[in-house]
2 protein chains.
Amino acid sequence: MPVVAVIGDGQLARMMQTAAIELGQSLRVLAGAEDSSAAQVAADVVLGDYTNIDDLHRAIEGADVMTFDHEHVPTEHLHQLIAEGVNVQPGPDALVNAQDKLVMRKRLRELGAPVPPFAAIESVEDAEGFFDAVNGQVCLKARRGGYDGKGVWFPDTKEDLAQLVGELLEAGTSLMAEKKVALSRELSAMVARTPSGETKAWPVVESVQENGVCAQAIAPAPSLSAELQESTRGLAQRIATELGVTGVLAVELFETRDDNGQPEIFVNELAMRPHNTGHWTQDGCVTSQFEQHLRAVLDYPLGSTETLAEVTVMGNVLGADVDPGMPMATRMAEVWRKYPEAKIHLYGKGHRPGRKIGHVNMVGSDVEATREAALASAYFLVHAEWPAEG
Amino acid sequence: MPVVAVIGDGQLARMMQTAAIELGQSLRVLAGAEDSSAAQVAADVVLGDYTNIDDLHRAIEGADVMTFDHEHVPTEHLHQLIAEGVNVQPGPDALVNAQDKLVMRKRLRELGAPVPPFAAIESVEDAEGFFDAVNGQVCLKARRGGYDGKGVWFPDTKEDLAQLVGELLEAGTSLMAEKKVALSRELSAMVARTPSGETKAWPVVESVQENGVCAQAIAPAPSLSAELQESTRGLAQRIATELGVTGVLAVELFETRDDNGQPEIFVNELAMRPHNTGHWTQDGCVTSQFEQHLRAVLDYPLGSTETLAEVTVMGNVLGADVDPGMPMATRMAEVWRKYPEAKIHLYGKGHRPGRKIGHVNMVGSDVEATREAALASAYFLVHAEWPAEG
């Protein structure tokens with residue numbers, strides 16, 4: 001059986017391991033620490049640093065394919081590995097679009113994909129000019145390295161923007177800016193693609209962020225017209241194909257209203273790996289994003305993306321400000337006493353405020369009831385009490 | 001988080017590990033070999049022999065509960081461990097009913113559960129007397145150690161029976177006999193029970209054996225009246241409760257026709273662990289038998305046993321007489337090319353004729369179409385060709 005080497009030791013690698021086990025495969029994990037989320041649950045762990053080429057060499061030895069649970073491996077290392085004959089999926093030419101927001105937006109604009117107006121920001125003057133061009137509706141972003149709301153700023157005045165840009169450029173941060181979108185909600189379109197070119201898309205979901213972090217996902221996205229569902233799935237498949245993505249691609253989207261009050265879609269970010277907004281597939285779909293990612297990078301035919309329930313809701317378990325004294329096992333028992341159908345997924349991570357330590361999936365037939373149950377369960381798992389009514 | 005120590009290194013322990021990972025838990029595996037099915041995929045493996053009390057001590061060190069993927073740990077060791085304060089689930093007093101077929105049948109008869117006429121066979125005379133009592137319809141069984149059709153004999157004549165019994169008793173095999181049942185089909189009723197006494201049953205399934213080995217399971221059992229579904233589920237729950245089973249219990253059943261031609265049920269065997277006829281729950285149920293087993297032995301509230309599809313069929317992947325040259329990865333790709341929805345589960349085991357090396361689950365809405373797809377997929381995975389039509 002083929003060996004997949006995963007670079008990264010977080011919950012995404014951990015959940016790839018559960019999928020790998022059932023496929024009869026062996027996952028190699030390049031982990032920074034023995035007690036990291038993925039290293040805890042894998043038999044074949046290489047300890048090392050993903051920015052070190054020697055460690056990457058050790059991780060790939062005897063493996064059939066290298067893939068990732070994050071986008072932070074240096075591009076030059078990936079090019080070197082490919083030159084040495086290593087099978088890297090997704091490859092660096094696709095991956096750069098998930099690493100550099102400016103590169104991605106330029107590429108998507110070339111493809112005719114809907115993106116907000118944007119500009120490279122290489123000087124305070126660039127920033128001021130863009131501020132005027134979009135009537136002060138500026139979202140400033142670090143081109144690389146941001147995630148979960150980090151590396152994104154919304155300065156209110158031209159002066160604030162100028163000062164911020166001056167400081168960030170001084171510190172060596174590459175920047176871009178885009179027009180702030182008056183979003184009505186966020187959506188996510190996920191798709192998988194194989195090196196042979198097969199693509200398969202899951203239903204588009206609605207995602208809800210809190211403090212820049214994904215807090216919930218509702219699948220399929222409620223009140224999204226069948227037409228927009230289809231066109232958005234098609235858009236994700238086209239992006240995957242045009243960018244040469246392999247494995248799972250998440251296209252994070254903004255839904256806005258056009259001048260006629262009709263729903264309109266803009267691409268926000270890309271991620272080339274399993275994604276938080278796809279966790280619902282573990283319990284709500286025939287094929288989970290983790291199995292699909294493995295199938296895709298191994299160039300197997302992709303699995304069915306049919307849903308198993310009318311609605312599936314995922315609620316993230318995000319560390320509370322204060323660790324409740326109650327042991328986690330007791331909290332799980334309380335959740336299951338109230339909701340025997342709650343699918344609890346935990347990452348083997350210690351408590352820290354705001355940290356993603358798990359998620360709860362719930363399948364059902366009624367959106368509101370299912371959402372309430374999933375979110376209440378996720379809430380209890382960190383607060384050891386039920387949320388206030390309403 | 002609690003640590004579960006599993007005694008046994010086969011596919012059942014392997015699939016408990018996938019469930020454990022998602023629950024954020026750590027599975028300790030007592031394995032006979034590093035490359036065994038479960039040891040391949042677990043980070044915390046103790047190598048040792050489950051008949052050796054010292055090895056059992058090493059396996060349980062620092063763990064919260066001990067459970068099993070087979071029933072072969074010596075009863076005296078279990079009693080000793082309990083006396084030392086170890087939390088053993090299921091305990092030896094329940095487990096003996098899955099270890100000794102005579103003890104089980106006596107106990108079930110006491111409970112009023114339907115069992116065929118049976119007798120202890122401690123001499124050739126016992127056997128001859130029983131032969132006459134059941135008009136020659138004799139099924140002879142080893143009281144302990146049999147599985148997958150091993151340890152079961154159907155002698156045709158009184159002379160054959162007498163000779164067989166003489167030889168087996170001489171060899172030290174404890175025996176019992178029961179009346180051979182004119183079965184119309186086999187069913188399986190699975191249930192989980194916690195130490196606190198909660199029970200939850202899955203729908204009763206039909207299982208099909210080939211050469212004494214489970215080859216397929218169809219859930220729920222087709223053409224089983226709602227009344228018989230309910231009463232059989234109730235029977236399994238009552239057996240679990242009366243015998244003090246904890247974890248998952250499989251009640252293997254014979255369906256026959258009574259004198260009026262109406263369906264009638266007899267208990268055949270008990271297994272106190274996840275069971276081959278429950279593999280379908282991994283893809284067809286809200287809660288799989290592996291998650292439920294962990295929840296049960298840890299005394300968590302049990303999960304929903306609602307189905308996710310109208311029908312789920314499991315086909316076992318049983319080693320063919322000849323290993324086809326095609327690599328397994330290529331076989332998987334071929335299966336998925338035809339059936340993108342096939343859920344392939346492999347156990348990391350090498351090929352051997354008749355050996356259980358995996359299974360395929362398929363969900364659907366039509367029994368025959370779903371069964372055909374599941375069985376064809378399982379067949380291809382060992383033969384590298386599709387079964388002949390019809």
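We name chains A, B, ... by the order of the sequence lines, and we start the count at 1 in each one.
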message = For B:Gln282, which atoms come within 4.5 Å of any heavy atom of chain A: side chain, backbone, both, or neither?
response = side chain
request  = Could you tell me which portion of B:Glu341 (side chain, backbone, both or neither) has an atom closer than 4.5 angstrom to a non-hydrogen atom of chain A?
outcome  = both
task = Identify the residues of residues 328-337 of chain A whose heavy atoms come closer than 4.5 Å to a heavy atom of chain B, ordered by number, or report 'none'.
result = A:Met328, A:Ala329, A:Met332, A:Ala333, A:Trp336, A:Arg337
key: Nearest atoms (heavy-atom pairs only) where B:Ala43 meets A:Ala39   = CB-O, 4.1 Å
inquiry  = Looking at every non-hydrogen atom in both residues, tell me the closest pair between A:Pro340 and B:Thr287 and how far apart they are.
reply    = O-OG1, 4.4 Å
inquiry  = Taking side chain as everything from C-beta outward and backbone as N, CA, C, O, which of these in B:Ala19 sits under 4.5 Å from a heavy atom of chain A? Side chain, backbone, both or neither.
reply    = neither
query = Of the backbone (N, CA, C, O) and the side chain (C-beta and beyond), which part of A:Val286 lies under 4.5 Å from a heavy atom of chain B, both, or neither?
reply = both
message = Only pairs of heavy atoms separated by less than 4.5 Å count here; which of A:Arg295, A:His345, A:Glu291, A:Arg14 has the most with chain B?
response = A:Arg295
query = side-chain contact (heavy atoms from CB on, under 4.5 Å) with B:Val41: which of A:Thr18, A:Val41, A:Ile21, A:Asp44?
reply = A:Ile21
request  = Identify which part of B:Lys349 has an atom lying under 4.5 Å from any heavy atom of chain A, answering side chain, backbone, both or neither.
outcome  = neither
task = Tell me, for A:Met1 versus chain B, whether the close heavy atoms (under 4.5 Å) come from the side chain, the backbone, both or neither.
result = side chain
ask   = If you tally heavy-atom pairs under 4.5 Å against chain A, which of B:Gln40, B:Gln11, B:Met15 wins?
value = B:Met15
task = Return yes when atom CD of A:Glu372 has more than 12 non-hydrogen atoms of other residues, nucleotides or ligands closer than 6.0 Å, and no otherwise.
result = no
query = Given that the side chain runs from C-beta out, which part of A:Pro2 has a heavy atom under 4.5 Å from chain B: side chain, backbone, both or neither?
reply = side chain
request  = Test A:Lys343 against B:Glu22 for salt bridge (charged side-chain N to carboxylate O under 4.0 Å, His left out), laying out the working first.
outcome  = CA-CA 9 Å; A:Lys343 304 307 297 175; B:Glu22 293 303 319; over 6 Å; no
